[in-house]
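Structure first, commentary second.
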Amino acid sequence: MSKIETPRPIRGTQDMHGEQAERFHHVVHTFDRVRRLYGFGRIEVPVFEPTAVFSRSLGETTDVVSKEMYSFEDRGGESLTLRPEFTAGIARAYLTEGWQQFAPMKVATHGPLFRYERPQKGRFRQFHQLDAEVIGAPEPAADIELLCFADQLLHELGVADGVTLQLNTLGDTETRDAWRTALVAHFTRHEGDLSAESRDRLAKNPLRILDSKEAQDRPIADSAPDIDAFMSADAGKFFETVTKGLDAAGVKWTRMARLVRGLDYYRHTAFEFVTERLGSQGTVLGGGRYDGLIEALGGSHTPAVGWAAGIERLAMLIDAPAIEPLDVAIIPMGEAAERAAYGLLANLRRAGLKSEMGWRGNMKKRMQRAAAAGARFAVILGDEELAQGVAMVKDMTTGEQHPVAMDVLVDAVSPR
RNA sequence: GCGAUCGUAGUUCAACUGGUUAGAGCACCGGUUUGUGGUACCGGAAGUUGCGGGUUCAAGUCCCGUCGAUCGCCCCA
């Protein structure tokens with residue numbers, strides 16, 4: 001008989017168990033709690049969409065559309081894509097579900113995303129993000145609220161210490177276009193000294209030269225003009241309102257004039273919460289204002305702002321969540337005792353006590369497992385106890401034990 | 001897509017410049033204790049050294065390929 005070969009997991013996917021899974025869910029749970037404090041309603045959107053949802057919204061940036069999306073044809077020949085981000089799908093839902101009636105709409109969601117990328121630290125092909133958006137709000141108040149939300153989330157997760165909020169503005173359309181023109185002129189003047197990658201970027205995505213990692217690009221990028229010189233009065237006012245709001249709310253930030261976005265629809269606020277602790281994949285939460293996106297999907301002009309945060313990256317940064325100790329471990333000896341134990345177990349759990357029963361092994365083994373699970377009490381049940389209508393309750397911290405009548409067991413092991 | 005490093009029991013790691021039967025800790029199972037844990041001791045099970053090919057008297061070790069992991073580049077919605 002030839003051995004069956006077990007199929008391998010798909011590259012860049014992960015199976016989580018134990019501490020890793022607990023970390024993951026602690027992040028999600030904290031997000032869900034904080035999001036309510038800010039009045040962000042939970043939404044659910046599909047994991048896959050017509051490819052056009054993403055190709056239209058992502059626009060001209062060819063790499064992400066052609067190389068990095070999981071696209072395939074369904075049986076009807078329609079091109080579908082596993083969502084590589086939340087924003088485009090949410091924007092689509094906003095238009096097709098008539099959610100305009102709820103504007104300004106504050107929404108939150110989380111779940112898996114898919115990008116065909118080379119896996120590395122904190123970067124997977126199926127990964128997971130938290131997401132928060134405010135759609136239909138031109139007011140800088142929306143930006144401020146989202147940033148406060150993000151900041152509080154990171155604080156409540158206990159990761160804020162090593163993380164800094166880098167903030168920039170990309171201005172309004174007028175400002176951005178003027179700045180971009182000046183940047184192209186500047187980089188063209190120094191084209192000969194740029195790295196090969198950056199010469200490429202000059203044609204495709206000149207703003208990206210600003211945050212190039214190539215040492216030879218740094219002097220040229222650093223001497224490039226800041227957006228401030230081109231800022232329109234409106235755009236300047238907008239940014240000032242955001243920064244003053246953050247100061248008033250006690251959210252620490254640093255201006256990062258080199259922080260840009262790869263896509264054209266971004267306007268005004270752009271931000272990233274960055275840590276040094278994760279190597280080159282150090283952005284833990286990032287976002288910005290995308291006033292042009294919804295128009296690209298065929299909607300009317302709809303200003304919006306949002307952010308997303310990598311759950312895996314946050315999960316790596318937080319302290320290990322404390323494991324909840326077991327309240328009670330029931331240790332039955334014999335069939336009759338086991339049958340009785342089901343009743344006790346049900347009562348304990350219905351009373352909200354975390355309880356488990358040992359299924360196998362001799363008493364020593366079961367005691368060991370009870371201890372390993374951090375049980376506060378072990379409840380030993382054998383023929384002698386059954387005959388007397390009691391259970392032997394052992395306090396695992398003191399080691400003392402005494403018989404307790406079965407009908408008052410829940411009381412006896414409940415925390416005072 | 002590109003570059004570098006790495007792949008040995010469930011897991012973390014050993015095995016000198018190629019040389020007998022690939023070892024250990026933890027975890028697991030059993031025992032010392034026919035109903036009492038967090039210690040100690042004894043024993044057991046567990047590996048086609050990722051996979052495929054090559055060189056050699058001999059390969060975990062060297063070479064090629066492949067798959068995967070890690071770190072970086074590209075990209076980062």
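Source: prediction; values computed, not measured. Here is how names work: the chains are called A, B, and so on, in the same order as the sequence lines, proteins then strands, and each is numbered from 1. Just so it is clear, the values below take in all heavy atoms, side chains as well, and ignore hydrogens, waters and symmetry mates.
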Out of A77(B), G35(B), C76(B), which has the shortest distance to the side chain of Glu385(A)?
-> G35(B)
note: Ile323(A), atom CD1; G38(B), atom C1'; distance rounded to Å ~ 14 Å
Asp383(A) atom CG, over 12 foreign heavy atoms within 6.0 Å | no
Is a salt bridge present between Glu272(A) and Arg261(A), judged by a nitrogen-to-oxygen distance below 4.0 Å?
-> yes
Would you say the side chains of Tyr38(A) and Gln152(A) form a donor-acceptor pair under 3.5 Å?
-> yes
Is there a donor and acceptor pair, one atom on the side chain of Arg201(A) and one on the base of C74(B), closer than 3.5 Å?
-> no
For Tyr116(A), is the NZ or CZ atom of Arg125(A) found under 6.0 angstrom from the centre of its six-membered ring and inside 45 degrees of the ring axis?
-> yes
Counting heavy atoms not belonging to Asp15(A), are there more than 12 under 6.0 Å from its CG?
-> no
Looking across every strand, which nucleic acid part, if any, lies under 4.0 Å from Gly399(A) by heavy atom: base, sugar-phosphate, or nothing?
-> base
In RNA chain B, consecutive runs of at least three Watson-Crick or G-U pairs below 3.5 Å, as range with range, amount to B:1-7 with B:67-73, B:10-13 with B:23-26, B:28-32 with B:40-44, B:50-54 with B:62-66
Length of the line joining Phe271(A):CZ and A77(B):P, which is rounded to integer Å = 12 Å
Check the pair Glu191(A) / Arg189(A) against salt bridge (Lys or Arg N to Asp or Glu O under 4.0 Å), numbers first and verdict last.
-> CA-CA 6 Å; Glu191(A) 188 171 356; Arg189(A) 223 174 299 128; over 6 Å; no
Any side-chain N or O of Arg115(A) under 4.0 Å from OP1/OP2 of A77(B)?
-> no
Figure out the CG/C1' separation between Leu113(A) and A77(B), and round it to whole Å.
-> 10 Å
Heavy atoms under 4.0 Å, any strand shown: does Gly12(A) hit a base, just sugar-phosphate, or nothing?
-> sugar-phosphate
Would you indicate what Gln120(A) reaches in the nucleic acid, counting non-hydrogen atoms under 4.0 angstrom: base, sugar-phosphate, or nothing?
-> base
Is the shortest side-chain N to carboxylate O distance from Arg201(A) to Glu197(A) below 4.0 Å?
-> no
May I ask you to say what Tyr266(A) touches in the nucleic acid, namely base, sugar-phosphate or nothing, with a heavy-atom cut-off under 4.0 Å?
-> sugar-phosphate
List the atom of Ser198(A), the atom of Ile209(A), and the distance in Å for their closest heavy-atom pair.
-> O-CD1, 3.4 Å
C1' atom, A22(B) versus A46(B): distance in rounded Å?
-> 14 Å
How close or far is atom C1' of G38(B) from atom CZ of Arg376(A), stated in whole angstroms?
-> 17 Å
P atom, U5(B) versus C62(B): distance in rounded Å?
-> 13 Å
Measure centre to centre between the rings of Trp307(A) and Phe149(A), then say whether the value is under 6.0 Å.
-> yes
Going 5' to 3' through nucleotides 28-34 of chain B, assign each nucleotide B (protein heavy atom under 4.0 Å from a base atom), S (under 4.0 Å only from sugar-phosphate atoms) or - (no protein heavy atom that close).
-> -SSSB--
What nucleotide among G35(B), C75(B), G37(B) has an atom nearest to a side-chain atom of Arg123(A)?
-> C75(B)
Using atom P of each nucleotide, how far apart are A77(B) and C2(B) to the nearest Å?
-> 24 Å
Which heavy atom of Phe86(A) sits nearest a heavy atom of His110(A), and at what distance?
-> CZ-C, 3.6 Å
Would you confirm whether the ring centroid of His268(A) sits within less than 6.0 angstrom of the ring centroid of Phe239(A)?
-> no
Take atom NZ of Lys213(A) and atom P of C71(B), then tell me their distance rounded to the nearest Å.
-> 13 Å
Could you tell me the separation between the CG atom of Asp383(A) and the P atom of G35(B), rounded to a whole number of Å?
-> 12 Å
When the distance from CG of Asp131(A) to P of A77(B) is rounded to whole Å, what number comes out?
-> 13 Å
Can you tell me how far P in G18(B) sits from the matching atom in U61(B), rounded to whole Å?
-> 11 Å
Can you tell me how far C1' in C64(B) sits from the matching atom in C71(B), rounded to whole Å?
-> 24 Å
Taking the same atom, C1', in G60(B) and in C13(B), what whole-Å distance lies between them?
-> 14 Å
Pick the nucleotide of RNA chain B nearest each of Thr398(A) and Arg208(A); which residue has the one closer to the 5' end?
-> Thr398(A)
Side-chain donor/acceptor contact of Arg261(A) with base of A77(B) under 3.5 Å = no
Rounded to the nearest angstrom, tell me the gap between atom CZ in Arg118(A) and atom C1' in C76(B).
-> 16 Å
Where the side chain of Ala371(A) is concerned, which of A77(B), U36(B), G37(B) is the nearest nucleotide?
-> G37(B)
Selected nucleotide, minimal atom distance to Lys121(A) side chain, candidates G68(B), G37(B), G72(B) = G72(B)
So which heavy atom on Val251(A) is nearest to which on Cys148(A), and how close?
-> CG2-SG, 3.9 Å
Using a cut-off of 4.0 Å on non-hydrogen atoms, how would the nucleic acid contact of Met333(A) be classed: base, sugar-phosphate, or nothing?
-> nothing
Sorted by position of nearest nucleotide on RNA chain B, 5' first, the leading residue of Thr397(A) and Phe124(A) is Thr397(A)
With rounding to whole Å, what would you report as the distance between U8(B) and U49(B) at their C1' atoms?
-> 4 Å
Under 4.0 Å between any heavy atoms, over every strand shown, what does Glu68(A) touch: base, sugar-phosphate, or nothing? Just pick one.
-> base
Arg366(A) near the nucleic acid: base, sugar-phosphate alone, or nothing, with a heavy-atom cut-off under 4.0 Å?
-> nothing
C1' gap between U21(B) and U48(B), integer Å = 16 Å
